[in-house]
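Worksheet for the structure shown next.
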Amino acid sequence: MDNAKDSGKTMKKRFVVALLCLAHISFFILFLNKGYKTLFTYNLFSSILYSLLAFFYNEDREFFILAIVAVEIPVYSVITTLFLGNYSGSIFFPFGMLTAVFLFAVNRENFVYRYILLSLPSVLSAFFIALWERIPFLGSNLYAMPWFMWHRLSILAMVIAALLYLCISGNMELVNTQRKNDLLIKQLEFI
């Protein structure tokens with residue numbers, strides 16, 4: 001039973017990594033269509049990276065994979081801020097990543113150390129994005145284009161969906177743990 005449950009958890013986490021791959025594929029297509037070579041190249045690289053991470057995901061590699069994700073997402077946020085400006089919505093990613101890192105790192109050995117280590121890239125990128133006040137590399141006329149609003153809203157939608165998923169799944173795990181504890185307490189009382 002526990003083996004099947006662990007396999008289910010692994011599949012859920014593999015699915016989350018695959019969704020990250022799909023997000024980068026959609027951005028790859030957007031930036032390829034717009035002719036922004038640096039951005040579509042980066043998203044192509046990230047798509048390949050996430051497809052490999054999803055394919056090779058297992059519990060033994062979880063911290064390594066989480067560390068890669070904890071660095072890649074803030075790097076993407078900084079790159080899109082440089083090219084598209086701080087109105088691109090990229091600041092949402094580091095905040096979503098902080099929550100994800102917390103939920104994936106909790107109940108592990110050296111929890112606080114891991115959380116601080118994995119959160120550092122997100123915190124640094126959030127400060128960079130918040131303080132970035134220069135004209136984007138691709139110019140400020142981007143803000144009036146419809147695709148720019150789509151990019152910003154899609155980032156916001158992805159982060160909100162991820163946060164809701166993480167909160168709901170975290171709460172479900174907490175409820176299941178509480179049920180198991182209640183059952184164990186009843187068994188101990190019976191004994």
Side-chain angles (χ1 to χ4, degrees), residues 9-10 12-32 36-86 88-132 134 136-138 151-152 154-163 165-167 169-170:
K9 282 183 180 181
T10 299
K12 284 180 189 177
K13 291 175 182 177
R14 182 176 284 161
F15 179 72
V16 169
V17 174
L19 286 177
L20 291 169
C21 178
L22 288 176
H24 278 291
I25 289 171
S26 71
F27 292 145
F28 166 76
I29 292 168
L30 171 70
F31 296 129
L32 178 65
Y36 300 143
K37 188 175 182 176
T38 302
L39 293 173
F40 79 72
T41 302
Y42 183 85
N43 281 283
L44 175 63
F45 165 77
S46 295
S47 300
I48 293 168
L49 174 70
Y50 281 117
S51 63
L52 291 172
L53 293 177
F55 183 76
F56 291 110
Y57 185 92
N58 68 32
E59 293 295 321
D60 296 335
R61 295 184 188 112
E62 185 175 88
F63 182 77
F64 175 72
I65 290 171
L66 185 57
I68 291 172
V69 173
V71 170
E72 190 280 329
I73 289 176
V75 167
Y76 178 74
S77 299
V78 168
I79 288 173
T80 54
T81 299
L82 292 172
F83 282 87
L84 303 177
N86 56 2
S88 66
S90 298
I91 197 161
F92 301 130
F93 278 141
F95 292 113
M97 193 63 215
L98 289 173
T99 306
V101 166
F102 175 78
L103 289 173
F104 281 103
V106 76
N107 296 329
R108 304 277 188 219
E109 291 178 22
N110 302 320
F111 160 68
V112 175
Y113 168 74
R114 285 181 178 213
Y115 183 66
I116 291 170
L117 181 68
L118 294 174
S119 296
L120 196 57
S122 292
V123 170
L124 294 174
S125 67
F127 274 104
F128 173 82
I129 294 167
L131 297 173
W132 180 258
R134 295 195 175 102
F137 293 167
L138 298 177
H151 180 265
R152 185 178 184 160
S154 67
I155 288 175
L156 181 59
M158 281 187 268
V159 170
I160 289 172
L163 290 174
Y165 169 77
L166 291 169
C167 290
S169 64

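Everything numeric here is computed off the predicted structure, so don't read it as measured data. Only this structure's heavy atoms are used, side chains among them; waters, hydrogens and symmetry mates stay out.
- Scanning both residues, A54 and A18, for their nearest heavy atoms gives CB-N, 4.1 Å.
- One distance of note links CD of E59 with CD1 of I65; it measures 9.5 Å at 0.5 Å rounding.
- Here S88 contributes atom OG and I129 contributes atom CD1; the two are 7.0 Å apart, rounded to the nearest 0.5 Å.
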Checking side-chain contact (heavy atoms from CB on, under 4.5 Å) for the pair L44/L32: CA distance, chi angles, key distance, verdict?
CA-CA 10 Å; L44 175 63; L32 178 65; over 6 Å; no
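- Side-chain contact between L82 and F128: present, with at least one pair of heavy atoms (C-beta onward) separated by less than 4.5 Å.
- Between R14 and F55 there is no side-chain heavy-atom pair separated by less than 4.5 Å.
- When all heavy atoms of Y115 and S119 are compared, the pair lying nearest together is O-OG, 2.7 Å.
- Of the possible polar contacts, none joining the S125 side chain to the V78 backbone as a donor-acceptor pair under 3.5 Å is found.
- Separating the CG atom in N86 from the OG1 atom in T81 is a distance of 6.5 Å, to the nearest 0.5 Å.
- Aromatic ring centres of F31 and Y42 lie farther apart than the 6.0 Å criterion allows.
- The only member of F137, W132, Y36 that meets ring-ring contact (aromatic ring centres under 6.0 Å, His included) when paired with F83 is F137.
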Run L39 and L84 through side-chain contact (heavy atoms from CB on, under 4.5 Å) and show every step you take.
CA-CA 10 Å; L39 293 173; L84 303 177; 4.1 Å; yes
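- Side-chain atoms of S77 do not come within 3.5 Å of backbone N or O of I91 as any donor-acceptor pair.
- Rounding to the nearest 0.5 angstrom, the gap separating the CG atom in L52 from the OG atom in S47 is 11.0 Å.
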Kindly indicate, with the supporting measurements, whether the criterion side-chain contact (heavy atoms from CB on, under 4.5 Å) is fulfilled by F27 and T80.
CA-CA 11 Å; F27 292 145; T80 54; over 6 Å; no
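- Taking CD1 of I68 as the reference point, atom CG of L118 lies at 11.5 Å (rounded to 0.5 Å).
- In this structure, the side chains of F63 and L117 come closer than 4.5 Å at one or more pairs of heavy atoms.
- Once rounded to the nearest 0.5 Å, the distance linking CZ of F40 with NE2 of H24 reads 15.5 Å.
- A 4.5 Å side-chain heavy-atom check between Y76 and N43 finds at least one atom pair inside the cut-off.
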Under the side-chain contact (heavy atoms from CB on, under 4.5 Å) rule, what do Y50 and L22 come out as? Steps first, then yes or no, please.
CA-CA 9 Å; Y50 281 117; L22 288 176; over 6 Å; no
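- For the pair V69 and M97, the minimum side-chain heavy-atom distance is below 4.5 Å.
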